[in-house]
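I have placed the structure first, in the form of structure tokens, so that the comments after it can refer back to it.
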Amino acid sequence: MITGKYPSLRLRRTRKYNWSRRLVQENNLSCNDLIYPIFLIDGKNKKQPIKSMPGVHRYSIDRLGIIINNVIKHKIPMVALFPSTPNSKKDKFGLEALNENNLVCRAIRFIKKRFKNNIGIMSDVALDPYTTHGHDGLLKKNYVANDETIDILIKQSLLQAQMGCDVIAPSDMMDGRIGKIRKSLDKNKFHDVQILSYAVKYASNFYGPFRDAVGSKKSLKSDKKNYQMDFSNKNESLREVALDIKEGADMVMVKPGLPYLDIIQRIKENFKIPVLAYQVSGEYSLIKNGINNKLINEDAIIESLMSFKRAGASAIVSYFALEISKKIKS
Ligand code: PBG
């Protein structure tokens with residue numbers, strides 16, 4: 001029976017006004033939570049649109065000054081660099097990874113020289129931008145070889161550290177990477193270079209636009225299921241993270257983002273290490289296309305980013321980082 005007291009508790013009371021909603025807000029999205037990915041290309045004064053990622057461009061290194069200035073102005077703490085390597089510089093061994101004048105190395109030097117330690121730089125350690133077959137490691141009888149690839153990855157890490165990279169991000173999802181790379185960094189006096197492990201990276205269908213952006217889409221003939229994780233699995237992600245923490249990772253990444261919020265939350269509950277989320281290219285393009293076609297509202301971007309915070313992520317790599325930082329301002 002309905003009495004005068006119905007309902008006895010009204011949760012809507014704190015939702016009634018904007019000031020009140022702000023007061024009880026449980027999570028917050030700040031510019032400090034964002035990492036901005038930048039695609040690099042050869043050439044001069046180039047800003048090249050990427051068809052599969054509306055609003056995202058590839059930039060030549062001479063244009064990085066303007067972008068990084070903007071990134072710093074909007075309080076984003078770190079950028080992630082991704083090279084679009086010309087096919088002529090790819091081979092089956094990914095040797096361009098060790099060229100100190102490759103795109104990533106030149107970009108790191110340029111940014112560090114200009115901006116010193118006012119911005120963090122992270123770069124991937126994996127061979128996929130440099131191999132003709134598009135895989136992250138060396139092929140042996142058509143199988144991506146685990147142990148044979150470690151030497152070149154160690155060299156790639158040391159080279160990037162030498163160029164001034166702050167955060168080395170091994171991203172090939174193979175075994176035994178973090179310990180070996182940490183050891184070599186320490187031995188070469190790079191104790192302060194951080195390691196962000198892509199500890200939990202799924203063999204995902206959401207990477208398509210990225211592979212287009214870096215030019216590995218056409219070359220990649222098969223999938224990456226024999227090294228990246230099966231998207232049906234959850235417990236395995238805890239084993240991956242436990243191993244990488246033991247080997248010396250400073251931070252771990254979960255990738256992709258939105259379809260894997262359960263994974264972020266579970267890792268955060270189990271390990272008190274910074275967990276980063278990667279809102280990948282496919283997620284970006286879906287949301288962006290939805291907005292461009294007026295199917296969803298622009299605020300869907302903040303909603304998607306806030307969900308990572310709710311799940312427990314410390315930071316989010318997102319192609320929306322710069323445009324959203326202009327909006328949230330703090
Ligand atoms: C591989 C790498 C991938 C992405 C970044 N580095 C995935 C892949 O090709 O397997 C994808 C990022 C995105 O989709 O935004 N080292």
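First listed ligand is number 1; within each ligand, the first listed atom is number 1. Below, each value reflects all heavy atoms present in this structure, side chains not excepted, and no hydrogens, waters or symmetry copies.
- Contacts with ligand 1 closer than 4.0 Å are made by no heavy atom of Tyr284, backbone or side chain.
- Within the set Tyr202, Tyr207, Phe39, Tyr319, the minimum heavy-atom distance to atom 7 (C) of ligand 1 is found for Tyr207.
- What sits closest to atom 9 (O) of ligand 1 on the protein, heavy atoms only, is Arg211 NE, 2.8 Å.
- Taking a cut-off of under 4.0 Å to the non-hydrogen atoms of Asp128, the atoms of ligand 1 that pass are 1 (C), 2 (C), 16 (N).
- A heavy-atom separation below 4.0 Å is found between Lys255 and ligand 1.
- In this structure a side-chain-to-backbone donor-acceptor pair under 3.5 Å is missing from Ser285 to Gly282.
- Remark: Lys201 fails to qualify as a cation-pi partner of Tyr278 under the 6.0 Å distance and 45° angle criteria applied to the six-membered ring.
- Put simply, the side chain of Ile50 does not reach to within 4.5 Å of the side chain of His57, judged on heavy atoms.
- Protein heavy atom in closest approach to atom 2 (C) of ligand 1: Lys201 NZ, 3.3 Å.
- Of the residues Asp33, Asn27, Asn28, the one that meets the side-chain hydrogen bond (donor to acceptor under 3.5 Å, both in side chains) test with Lys309 is Asp33.
- One finds a salt bridge joining Asp166 and Lys112 here, because a Lys/Arg side-chain nitrogen approaches an Asp/Glu carboxylate oxygen to under 4.0 Å.
- Each of the atoms 16 (N) of ligand 1 lies under 4.0 Å from some heavy atom of Ser171.
- Salt bridge Arg106/Asp42: present, at least one basic N to carboxylate O contact under 4.0 Å.
- Within the 4.0 Å heavy-atom shell around ligand 1 one does not find Gln279.
- Of all the atoms in ligand 1, the ones that sit under 4.0 Å from a non-hydrogen atom of Asp124 are 6 (N), 16 (N).
- If you number the atoms of ligand 1 from 1 as listed, the ones under 4.0 Å from a heavy atom of Asp136 come out as 1 (C), 16 (N).
- Asp186 has a carboxylate O that lies under 4.0 Å from a charged side-chain N of Arg182, or vice versa, which qualifies the two as a salt bridge.
- Remark: Asn205 engages Phe231 in a side chain to side chain contact (heavy atoms under 4.5 Å, CB included) (not counting sequence neighbours).
- When side chains are defined from C-beta on, Asp230 does not count as touching Lys225, because their heavy atoms never get closer than 4.5 Å.
- The closest non-hydrogen atom to atom 13 (C) of ligand 1, taken over Phe206, Phe210, Tyr198, comes from Phe210.
- Near Tyr278, meaning under 4.0 Å from one of its heavy atoms, ligand 1 places the atoms 12 (C), 15 (O).
- Closest to atom 14 (O) of ligand 1, if we only count protein heavy atoms, is Ser281 OG, 2.7 Å.
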